[in-house]
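Numbering of ligands and ligand atoms starts at 1, following listing order. The basis for the numbers below is simple: all heavy atoms, side chains too, and nothing from hydrogens, waters or symmetry mates.
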Amino acid sequence: MKHIQQLSPQLVNQIAAGEVVERPASVLKELLENALDAGASKIAVELEQGGMQTIRVSDNGHGIPQDEMILALARHATSKISCLEDLEQITSLGFRGEALPSIASVSRFSLATNNNKDSNAGWILAGDGGDFADGLLPTRQACGTTVEVKNLFFNVPARKKFLKTERTELQHCEAVLRKIALSRFDVALSARHNGRSCLDLALVDTEQECVQRLGQICGKQFAEQSIYLENDAQDIKIKGRISLPTFSRSQADLQYFYVNGRAIRDKVISHAIKLAYKDVLYHGRFPAFALFLEIDPAQVDVNAHPTKHEVRFRQARYVHDFIRHTIGKAIAETMPKVEQQAAQQYREVVDDYIRAAQINSALPGDDYSGIGHTDAGNIAPGGVPRGIQEPSSAYATAALSDPIVISASELSPHTAEDAPPLGYAIAQLHGIYILAQNANGLIVVDMHAAHERIVYEKLKILHQEGELATQPLLMPLTINVSQQEAALADQHQELFAKFGFQIERFGNESIVIREIPSLLQQADVNELVRDVLADLNMFGSSEKLEQANNKLLSTMACYGSVRAHRKLTIIEMNALLREMETTERSAQCNHGRPTWVQLSVDQLDKLFKRGQ
Ligand code: ADP
Ligand code: MG
């Protein structure tokens, strides 16, 4: 049996290092956090061999008084908290007082610092593996601190073996730099690796510079394809940028979330964001975001893990719902911006001109004889109608079954600048796309995808309000299903009723459908009901079914929307465009694909090398 003995301070530090110092990147993180806590506005990082050889972090913060330098390297010594109340209201990034001693115990370490703004005379404390026998020595150091960490794990070969290639370690360091760079736009941050610059960020203050910095860190694409959001409840605030659903990623690699300036990973938050995107993202795709939550420090416990990546919210549910709501709303508002009133105005203008255009297109030259129901006297020489009332019903039907193509200028009395966001329809392409002209150029709409989204949003609202109108079928429809499905239909009659279906079991392997939602009149009822049953089958328990509402509605929407290859008239196309403008989330279909794209005149010009 071995005897119990007190471990040496060095061994204690090395054990602690096991938790805090996993690799060069974790050292870098701790040093950068210390620099920020010291109020630095400028930080320079120097790395060699992915940080395995050297990590040097210099800051222009307030420095450390000479007589506290030894203490800074002692375990459980910190300037950031002094009592339990402080621990419960942490506003700094560090507070455990263990990073420096841990790092020093597993590297060749030096700390140079100066807390006097008016002098370059500082002090340095250096030693290998936590042995500072040489004590303090004078050195040149501007106000601020420089920490150098060389030969990480030189004295812990077991740990050293776990280090990866220079490239991999560098990538981890770069990830840390990005995280820190995003957290503080008011700090200039530069980094060099093996003597070459790999990051150079000036401090920013204008909104435009912010977006620019975001682009430098997260990629230009994210900066361009993301939206800004902001929400401010009295005790909790959030701001930042989230990707448009059409810019999703196959990995959760572009997700930055900060709580009071600290980058964290948290299940509650991931869940809230996932829910907010649920309706607009493909399964298996990940949104990108850089979000900053500000909350009363007393409401979060940051002392949940030695690396401080995790936090605990005291009111997790509240925080969850706040985030979900804020993001959900921002996504919903990604529809093309248009004021209701303006939309109405345009609708009227369009209607007038459609009528005019119909009449014009029905006039073969000067021969007015073909239009017995229109008084030729009402048509002015230029073809512009004078005081035209409602078109006759005969006319309207003719127009609906005969697609016409009219130029957008005929449709709009205004210049292109006045066109509504999605413009006026010009033509339909291959029965799939609607082409429209707006102020910027050409709009191409995937009509099925767009319509599906509109029907889906309508169904959701109607369902929520319990106002899904139903329509009895003239002939009740009997369909054959599996025994299991028949039982399911029987068991969930009430649920079906909520969705606007009246369905009964009819024998062992068939069901009768008597009523369907009016919105789905045009649908293939047989197929529709089969698909809904398949959904029900998949979700099993009735509790899950409640959550599956949207899935069911989305299946229904697919049946309720125009199929590709159906010819649409200009009137129908414009109606669809106007509906898109006022429907929430209409920029993506139910599966997260875009419903429309814009090709600007500029882009078209480039395509044709015009003006080059
Ligand atoms: P913690 O950050 O948890 O307090 P550390 O071991 O990281 O613990 O640092 C110990 C102390 O050393 C800090 O509380 C701080 O007072 C001081 N310190 C460390 N780095 C710096 C720095 N870059 N500038 C000024 N003071 C620093
Ligand atoms: Mg620290």
Under 3.5 Å, is there a donor on one side chain and an acceptor on the other for [X] and [Y]?
X: T326; Y: N231; result: yes
X: N303; Y: R96; result: yes
X: N151; Y: K160; result: no

(message) Could you check whether any side-chain N or O of N13 sits under 3.5 Å from a backbone N or O of S105, counting only pairs where one atom can act as donor and the other as acceptor?
(response)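 No, the answer is negative, given that no donor and acceptor are paired below the 3.5 Å cut-off.
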(message) I'd like to know if the side chain of Q255 and the backbone of P287 have a donor-acceptor N/O pair within less than 3.5 Å.
(response) yes
(message) Can you tell me which portion of E30 lies within the under-4.0 Å heavy-atom range of ligand 1? Options are side chain, backbone, both, or neither.
(response)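 None of E30 does.
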Closest protein heavy atom (residue, atom, distance) for [atom]:
atom: atom 4 (O) of ligand 1; answer: T78 OG1, 2.6 Å
atom: atom 22 (C) of ligand 1; answer: T145 OG1, 3.7 Å
atom: atom 23 (N) of ligand 1; answer: D59 OD2, 2.9 Å
atom: atom 17 (C) of ligand 1; answer: I64 CD1, 3.8 Å

Per-atom contacts of ligand 1 with [X], taking only distances under 4.0 Å to non-hydrogen atoms:
X: G94; answer: 2 (O), 3 (O)
X: K80; answer: 1 (P), 2 (O), 4 (O), 13 (C), 14 (O)
X: G63; answer: 25 (C)
X: R96; answer: 3 (O)

I'd like to know if [X] pairs up with [Y] as an ion pair, taking the criterion as any Lys NZ or Arg NE/NH1/NH2 lying under 4.0 Å from an Asp or Glu carboxylate oxygen.
X: R317; Y: D321; answer: yes
X: E209; Y: R213; answer: no
X: K164; Y: E169; answer: no
X: K308; Y: E30; answer: yes

Of the listed options ([options]), which comes nearest to [atom] when hydrogens are ignored and any heavy atom counts?
atom: atom 25 (C) of ligand 1; options: A104, A38, A72; answer: A38
atom: atom 21 (C) of ligand 1; options: L31, L73, N34; answer: N34
atom: atom 14 (O) of ligand 1; options: S79, A99, S102; answer: S79
atom: atom 11 (C) of ligand 1; options: A77, P101, G97; answer: A77
atom: atom 6 (O) of ligand 1; options: L100, V20, D37; answer: L100

(message) Any N/O/S atom, side chain or main chain, of N34 closer to the Mg ion (ligand 2) than 2.8 Å?
(response)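 Within the cut-off used here (under 2.8 Å), N34 does place an N, O or S atom near the Mg ion (ligand 2).
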(message) Which label fits F222 and F247: parallel for a plane angle under 30°, tilted from 30 to 60°, or perpendicular past 60°?
(response) tilted
